[in-house]
Amino acid sequence: MDLYEVKMGQHGWEKSLKMMGWLGSAIALGAWWGGVAIGQTPAQSNHRLDAQTQAAMIAAIEDEYHAHAFYTAVIEKYGDVRPFTNIVQAEERHAARLQALFEQYGLPVPPDTFAGTVVAPQSVAAACALGIEAEIANVQLYDEFLTWVSEPELRDLFSQFRRVSSEKHQRAFDRCQQRLR
């Protein structure tokens, strides 16, 4: 099983799709009760999101939480190793931006269930390789979301996260891997 399946399947996307069951039911029930989505008050209901878009937001924030936990585990095991020290800060900023959008849309912010649960690999080189795979998976994730997410704020944010993954983070992990060969 590759990192994409582990990261997105076991901890991210699959979890979000499982959540979609109750989330979708709650949204449907909210619509039946007058069009108010889960976690929203009637005053916030002008920013309704469909279940698929909410699941994308959940998957995105869980991906940020997981990445932060992984990079933190690497730093705790190996010390202040670049690019992990830089990228862990970026993941914090990404999660904060997503949290702000959850609040803007009147949705509950999912808790970080990954902090302290991720184990660093056996070497920094292995961590860099996993970082590369994770960033490739992020690009694929955001490519998928961008095929159907229509809200401008989310499209802008997902596009930016996609660019950062492909143009900055993946390249930083590539350099890390080359440096350790």
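For Arg82, the CZ atom sits in a loose shell: 12 or fewer heavy atoms of surrounding residues, nucleotides or ligands are nearer than 6.0 Å.
The distance from the CD atom of Gln177 to the CD1 atom of Ile132 is 4.0 Å, given to the nearest 0.5 Å. Rounding to the nearest 0.5 Å places CD of Glu151 at 12.5 Å from CG of Leu157.
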Between Leu141 and Glu144, does a side-chain contact (heavy atoms from CB on, under 4.5 Å) hold up when you go through it step by step? CA-CA 5 Å; Leu141 178 74; Glu144 173 64 25; 5.9 Å; no
Could you walk me through whether Tyr105 and Thr53 pass the side-chain contact (heavy atoms from CB on, under 4.5 Å) check? CA-CA 11 Å; Tyr105 287 111; Thr53 302; over 6 Å; no
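Tyr142 and Phe161 have perpendicular rings, their planes meeting at more than 60° on a 0 to 90° scale where under 30° would count as parallel.
A donor-acceptor pair under 3.5 Å is absent between the side-chain atoms of Thr72 and the main chain of Ala69, judged by distance alone. Without hydrogens or angle criteria, Gln54 side chain to Leu49 main chain gives a donor-acceptor distance under 3.5 Å.
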For residues 83-92, which side-chain donor-acceptor pairs fall under 3.5 Å, sequence neighbours excluded?
{"from": "Glu92", "atom 1": "OE2", "to": "His68", "atom 2": "NE2", "distance (Å)": "2.9"}

Show which side-chain atoms of residues 73-81 pair as donor or acceptor with protein atoms under 3.5 Å away, not counting sequence neighbours.
{"from": "Lys77", "atom 1": "NZ", "to": "Pro121", "atom 2": "O", "distance (Å)": "3.3"}
{"from": "Tyr78", "atom 1": "OH", "to": "Pro121", "atom 2": "O", "distance (Å)": "2.6"}
{"from": "Tyr78", "atom 1": "OH", "to": "Gln122", "atom 2": "O", "distance (Å)": "3.0"}
{"from": "Tyr78", "atom 1": "OH", "to": "Ser123", "atom 2": "N", "distance (Å)": "3.0"}

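Here Arg97 pairs with Gln160 under the side chain to side chain donor-acceptor pair (under 3.5 Å) rule; sequence neighbours left out. Applying the ring-ring contact (aromatic ring centres under 6.0 Å, His included) criterion to Phe102, with sequence neighbours excluded, gives no partner residue. Not counting sequence neighbours, Tyr65 has no partner by the ring-ring contact (aromatic ring centres under 6.0 Å, His included) test. A search for salt bridge (charged side-chain N to carboxylate O under 4.0 Å, His left out) contacts involving Asp112 returns nothing, not counting sequence neighbours.
Pairs passing the salt bridge (charged side-chain N to carboxylate O under 4.0 Å, His left out) check and including a residue from residues 155-174, sequence neighbours excluded, read Asp143-Arg162. Residue pairs meeting the disulfide (SG to SG under 2.5 Å) criterion with at least one member in residues 63-123, sequence neighbours excluded, do not occur. The list of disulfide (SG to SG under 2.5 Å) pairs with a residue in residues 102-150, not counting sequence neighbours, reads Cys128-Cys176.
No continuous path of hydrophobic side-chain contacts links Phe173 to Val164 [ILVMFWY only; heavy atoms under 4.5 Å]. The hydrophobic clustering, which links ILVMFWY residues whose side-chain heavy atoms are closer than 4.5 Å, places Phe158 and Ile58 together. When the side chains of ILVMFWY residues are joined at heavy-atom separations under 4.5 Å, either directly or via intervening members, Trp148 and Val139 end up in two distinct hydrophobic clusters.
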